[in-house]
Amino acid sequence: MEMVPSEENQFVPKEGVFWSCRQGIFDEMKRLSQIHNAAEEPRVLCIIQDITSAKTVNERLTLNLPASTTLAKLYEDVAHKAGYVNGTFDLAWGNTPDMTPLDHNSEMSLSDSEFEPGGKRNFLQLTDKDGEQPQIASDESGTADSSGLDDSSQERFIGPLPRDGSAGCSGDYSSPSYSYSSILNKSDTGYVGLVNQAMTCYLNSLLQTLFMTPEFRNALYNWEFEESEEDPVTSIPYQLQRLFVLLQTSKKRAIETTDVTRSFGWDSSEAWQQHDIQELCRVMFDALEQKWKQTEQADLINQLYQGKLKDYVRCLECGYESWRIDTYLDIPLVIRPFGSSQAYGSVEEALQAFIQPETLDGPNQYFCERCKKKCDARKGLRFLHFPYLLTLQLKRFDFDYTTMHRIKLNDRMTFPEELDMSPFIDVEDEKSPQTESCTDSGAENEGSCHSDQMSNDFSTDDCVDEGICLDSTSSSERMLKPKSLLTFELFSVMVHSGSAAGGHYYACIKSFSDGQWYSFNDQHVSKITQDDIRKTYGGSSGSRGYYSSAFARSVCVYFILYDAGRLSSCPAVYPVLSAECLSVEDFPEHIKKLVQKEKESEEQEKRQREIERNTCKIKLFCMHPVKMMMESKLEVHKDKTLREATEMAYKLMELEGVVPLDCCRLVKYDEFHEYLERSYEGEEDTPMGVLLGGVKSSYMFDLLLETRQPDQVFQPYKPGEVMVKVHVVDLKNETIATPVSVRAYLNQTITEFKQLISQLYIMKLLSNFATGLPAETMRVVLERCYNDLRLLYVPNKTLKAEGFFRSNKVFVESSGSTDHQVAFTDSLLWKLLDRHGNTIRLLVLLPEQSPGTLANRTLCQKVGGDSDAAFEGSKGNRKSVETILEESTKKLKNLSLQQQHQGSSASDSQKSSDASDFEHIESPTQEADSNSSLCVAADNRELENRIRATAGSSGGASSDPDNHFACEERSDSEVNNDRSTSSVDSDILSSSHSSDTLCNADSGPIQLANGLDSHSITSSRRSKAHEGKKETWDTAEEDSGTDSEYDDNGKSKAEAQYLYFRAEPCSQDDSFGLVVHVDKRITLAAFKQNLEPYVGVTSTQFKVFRVYANNQEFESVRLNETLSSFSDDNKITIRLGRALKKGEYRVKVYQLLVNEPEPCKFLVDTVFAKGMTVRQSKEELLPQLKEQCKLDLSIDRVRLRKKTWKNPGTVFLDYHVYEEDISISSNWEVFLEVLNEPEKMKSMSQLAVLTRRWSPATMKLGPFQEVILESSSVEELKEKVCLEISGIPLENLDFAKGRGTFPCDISVLEIHQDLDWNPKVSTLNVWPLYICDDGAVVFYRDSTEEPMELSEEERNELMKKESSRLLKTGHRVSYSPRKEKALKIYLDGGPAKDPGQD
């Protein structure tokens, strides 16, 4: 029989291959059949909420399993997905009070265990088992990775089938081993991480390195803290000792460093400052030395880290050598020599360069004491003694003087695992005596650039880099290499991942106990290999430049520590200070006590977490009989009963001695809808966890502690009831009572609801009206929303069908009058409710010397029956005020009569129109002396109408230079100059689109006119006639066009409307004012006309300013805009001065000074009108400038141009017409430019460009000069610059467009290379120029002119001047890094605070 080799390399019969293949096919078909059957069978959706304390963030898991899955398999799948060890947790139903766990070993299927298939959600809770929290599975256990599952587990279906038809795990699983939430359990490495407070990765890396140094750790343990001598909070050694004890004994995955930083004297802001790790090491060692004075550890830092070197200068003629001994704590190694593009390839090369002497010759010759003259000399450094722990700092942060930016050098630099330092030491000099000039060169270390404080830690780059070449030296070769007396072993590498702008530090440290390398990356500790260490050598591809060096992120070593004691073959040179770290059993007694103390603290924290995990936290409200509505948070254990929780709430709300405990109860409450959902009768002994549905992070409802009088009985609140606030309306007195809460059912009919209200009235729960509330004549109006009133008139319709919800508001009236016979929208009830919903209360501040103010205030006081006490303080000024009133009234009367004689027909027509306009506007009812010229009650409207007719027909009062009101206007303009620079559009702020808060419907009652109380001031509601009103953003000056729904007096064009207005005098902050109750649908024009009697002038002679929360005032100018954007208690200021008329715009005029440090200067506020030409506006503007700004200008030597922020734009020609050629808007801003010669711009086809010369030879910028172009040709621009301005030959002219806001300032150190000189375009209106409008800035230069050569001192001085110049002009310097905060550790507990600061 022929034999063939099988897969097992055994020979089998040839026909056996066929049967083997056949069996394989059957097995595959069986497996696919199982998959198909599993896909077809019903599936069970399980949602598991982790409520344990094993992780800081409780996860929510979702599993979609076949219904045949057993409970045992369910536990396995949950353990796999949650990352827990199976058998260390329980699963229980989450939607029932029964917390009995499911059986771990049950073979019952999910369908037989009451799980519901078919897409229905089955809620489970993952809980602790036997009071112990679950164990997190390690990475090696295989539970946290799909590759670790056995074959049977691989065949399980967790979630829907994958697209390729293969079975597998759901894709929403991620390994929990690298999760910030897993800090409560110790890493499987046995080491504890440190939590990054914000940007404290540099601190964490150094602390872990010190902790892993046995010599430092043991010495720190041997130091004993004396609490009687120092506060433990500010003791740096004690807090480090506590931290090290926790790192060695804690069971947590990571611990906080806040106590250590607090001992440094740092506050929380320091956590957001990233510092240099070498700087921190230096400062912290200095602080420890200060704290350890007079102790055994006083010289610890020097014993471990201090070395010695000789700084020498040797004369090359006589051999005389001058030297001194310096000490160092670390050796700074240059990565790349200054001016070189080639970096050192290894630490050994950098060390050789560090001790390489330099020759002092030429002007740098050295004065030799022996030769008594200047001679050539050699200056350098020699190592005399290396420390026990050798620290190397790689100077990766440098400054690029070409780009003037800070950069990070990512060049590759290798470092050996064993470093032989014998080639770098001067053995002969080590025997030389030390001189008196010994200094600590470590304190003078230069060039330790610190990482900017911008970025957070980048933890994802700790093992990723490019261009890494691994060391080819094998371990066997290193073993054969003989060790010298000065061989150091690598044990710590601190790595910087990031750029010069910021980054992340982490440490790679070798454990001396097992020789294993570990990565300490904040709270994550993991094992790494020697290959991972080699990846930190550095090395970046690409060309060197600013962007590749300053912002290119790379992972490279920054700080290296070597240990000498364990490889030294001469103990006399480096005695081994400590072979191993102290174990817990060998701790000193004071450390053992500290361990016990920290253990108790950790257990207490664990118990507290357990309590927190079982505590329900829910909002609690209470209507306190004395303090009104109170709000707090009730924290109650889930096992506490409702009775116990009521006692806790009773004490929390401070009801002891106010209300008996048995008169209080807790009910379910919806604060948003003010809805009492249900009460808990008979459930006083039920646990709160059951009543509230378990412990949750937040609840969809609240609790209310309800109180009652001893003689009252609590009303039961059943689920399904709705809350109804009932307002009783009295049509006779036109009042609306305060609401009373009534509970009803949604399935009740309107008839049943009316009978319920009637019965409550009989029980005296509703207001006591003499007419009663019979159900037969009762009308019920539902306010469904702020603009919808609905009369409920269908008797058999249910409340649910009428639109009732949880909380509702209704108005009831049962007077039996004939009002119910008319249509609801025409009834008195609807008008009263309509007024109720639209009346707002405004506070109006009047001018101090306003004509009519005092008289009307006194008049209104008499009418209201109030005393004059509030105005006693004004009696001293009353004479002058009354004099002004009389003079102003006389002028108005004379002017009115004069204009009446001149145009009686027009006046009569206007008077008639005005009378009709005010026919339906209610005015204050006032009683006044018939001889008073200021009495403007309803029976004295004729004078008021004549005044308005006069103002409307001619408007001459404001144009009269002798007119008192013109003076008022000018002074008002001067007063408002401070506000004139605001770019906020006051019309937008005051429009109906404003998001002002709507008024409160439940404020306390304030009696209004006609019996209207404060409950009339509720949320906004428009009348039915205006539901379709279209709001527009047009300016007020043009709102009176054909599209407007209101006429100039605020009247509705569709129908006459009843608009409520009532004013009462008040005194506020020594100012005269009014409290005005007004229908907010009134227009600004009608509102101003109603204010005329109180201001004393016509509405065209005063302006209305709206006051916002920050006390900013913006003028309201849209006369046809309603007051719908206003709400209760909004403030309004009235100022005298001419108000804008139809088609007028208020314009702010600024002077353009192109060659001044501040090119934009505010001049005046003026008014431009629609249809006015530019020349006409200049004619009106120039006298104003002469009077207010003392500028005497010729109309032919000024131009107006567009202003966009601070940029000058289009030049306006004299014949241009506003609104036709020039778009104009409210609060418009324009530039006024003074010309040195007559205007050259004659056509809109011309282009005005501002040019400026840059002179590289002198490093200066010339003044701006304007060039007028006839086209957009680049050649024309260059020709005009050459011929008319500069005289530079055309072929030598370079030009570039300026960047940024005018005047496009740029540093003279950067302009030569930073601008885009000579773009390859033929026209100005294409990229990259895009010069399409006037005002563009173009720089030009002579290409043959070479830049000035600057020394380093001159460059630095010029840089300072440029920085100062650009800051003064408001332009930022292009290189302006964040100001670094110096790293300081405060030995006295914190920095001294400025007493002047808060």
Side-chain angles (χ1 to χ4, degrees), residues 725-739 767 779-791 809-813 815 817 819-820 822-842 917-925 938 992 998-1027 1029 1046 1050-1052 1054-1064 1074-1084 1086-1087 1089-1090 1122-1130:
K725 291 185 177 179
V726 180
H727 296 259
V728 179
V729 181
D730 185 355
L731 289 182
K732 181 178 180 181
N733 298 318
E734 295 189 1
T735 58
I736 300 177
T738 55
S767 301
R779 283 186 293 176
V780 179
V781 179
L782 171 66
E783 184 182 78
R784 295 196 296 183
C785 51
Y786 71 92
N787 62 347
D788 186 6
L789 292 173
R790 179 167 184 167
L791 179 65
K809 180 194 290 187
V810 300
F811 302 90
V812 298
E813 186 273 330
S815 62
S817 63
D819 187 60
H820 72 279
V822 299
F824 175 60
T825 54
D826 298 328
S827 65
L828 178 61
L829 175 61
W830 186 89
K831 292 179 180 178
L832 185 60
L833 296 181
D834 183 64
R835 182 200 301 176
H836 170 274
N838 288 284
T839 301
I840 58 174
R841 180 176 60 251
L842 301 177
D917 288 342
F918 282 86
E919 184 178 357
H920 296 285
I921 297 180
E922 185 176 287
S923 298
T925 306
S992 62
L998 295 176
C999 45
N1000 184 3
D1002 298 321
S1003 57
I1006 299 176
Q1007 192 66 23
L1008 306 180
N1010 299 330
L1012 188 64
D1013 56 37
S1014 66
H1015 293 281
S1016 305
I1017 307 166
T1018 60
S1019 57
S1020 171
R1021 179 171 63 243
R1022 290 189 176 90
S1023 66
K1024 182 177 178 181
H1026 296 87
E1027 286 179 354
K1029 180 177 182 293
Y1046 299 95
K1051 282 278 297 176
S1052 170
E1055 75 177 82
Q1057 187 178 352
Y1058 177 79
L1059 297 178
Y1060 181 77
F1061 181 96
R1062 190 170 78 89
E1064 298 174 348
L1074 301 172
V1075 176
V1076 177
H1077 300 88
V1078 64
D1079 192 313
K1080 59 185 175 184
R1081 294 166 297 184
I1082 195 172
T1083 61
L1084 179 62
F1087 179 70
Q1089 289 171 349
N1090 278 275
T1122 66
L1123 303 185
S1124 58
S1125 66
F1126 287 76
S1127 58
D1128 273 349
D1129 295 328
N1130 279 176

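All of these numbers come straight from a predicted model, not from anything done at the bench.
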Return the [atom1] to [atom2] distance between [X] and [Y], rounded to the nearest 0.5 Å.
X: Thr839; Y: Leu1059; atom1: OG1; atom2: CG; answer: 10.0 Å
X: Asp826; Y: Lys831; atom1: CG; atom2: NZ; answer: 7.0 Å
X: His727; Y: Lys725; atom1: NE2; atom2: NZ; answer: 7.0 Å
X: Arg1081; Y: Ile840; atom1: CZ; atom2: CD1; answer: 11.0 Å

*Compare all side-chain heavy atoms of Leu832 with those of Phe811 and state whether any distance is below 4.5 angstrom.*
no
*Going by heavy atoms in the side chains, are Ile1082 and Asn1090 under 4.5 Å from each other?*
yes
*asked:* I'd like to know whether Arg835 forms a side-chain contact (heavy atoms from CB on, under 4.5 Å) with Glu734, so could you lay out the CA-CA distance, the side-chain angles of the two residues, the decisive distance to 0.1 Å, and finally the verdict.
replied: CA-CA 11 Å; Arg835 182 200 301 176; Glu734 295 189 1; 3.7 Å; yes
*asked:* Is there a side-chain contact (heavy atoms from CB on, under 4.5 Å) between Phe1126 and Val1078? Walk through the geometry before answering.
replied: CA-CA 11 Å; Phe1126 287 76; Val1078 64; over 6 Å; no
Minimal non-hydrogen separation, [X] against [Y], with atom names:
X: Ala1063; Y: Leu1074; result: CB-CD1, 4.3 Å
X: Thr825; Y: Trp830; result: O-CE3, 3.4 Å
X: Lys1080; Y: Thr1122; result: O-CB, 3.7 Å

*Measure from the side-chain N and O atoms of Asp1128 to the backbone N and O of Arg841, and report whether any donor-acceptor pair falls under 3.5 Å.*
yes
*Report the residues that fulfil side-chain contact (heavy atoms from CB on, under 4.5 Å) with Leu829, sequence neighbours left out, ordered by chain and then residue number.*
Val729, Leu731, Arg779, Val781, Glu813, Asp819, Phe824, Ser827, Leu833
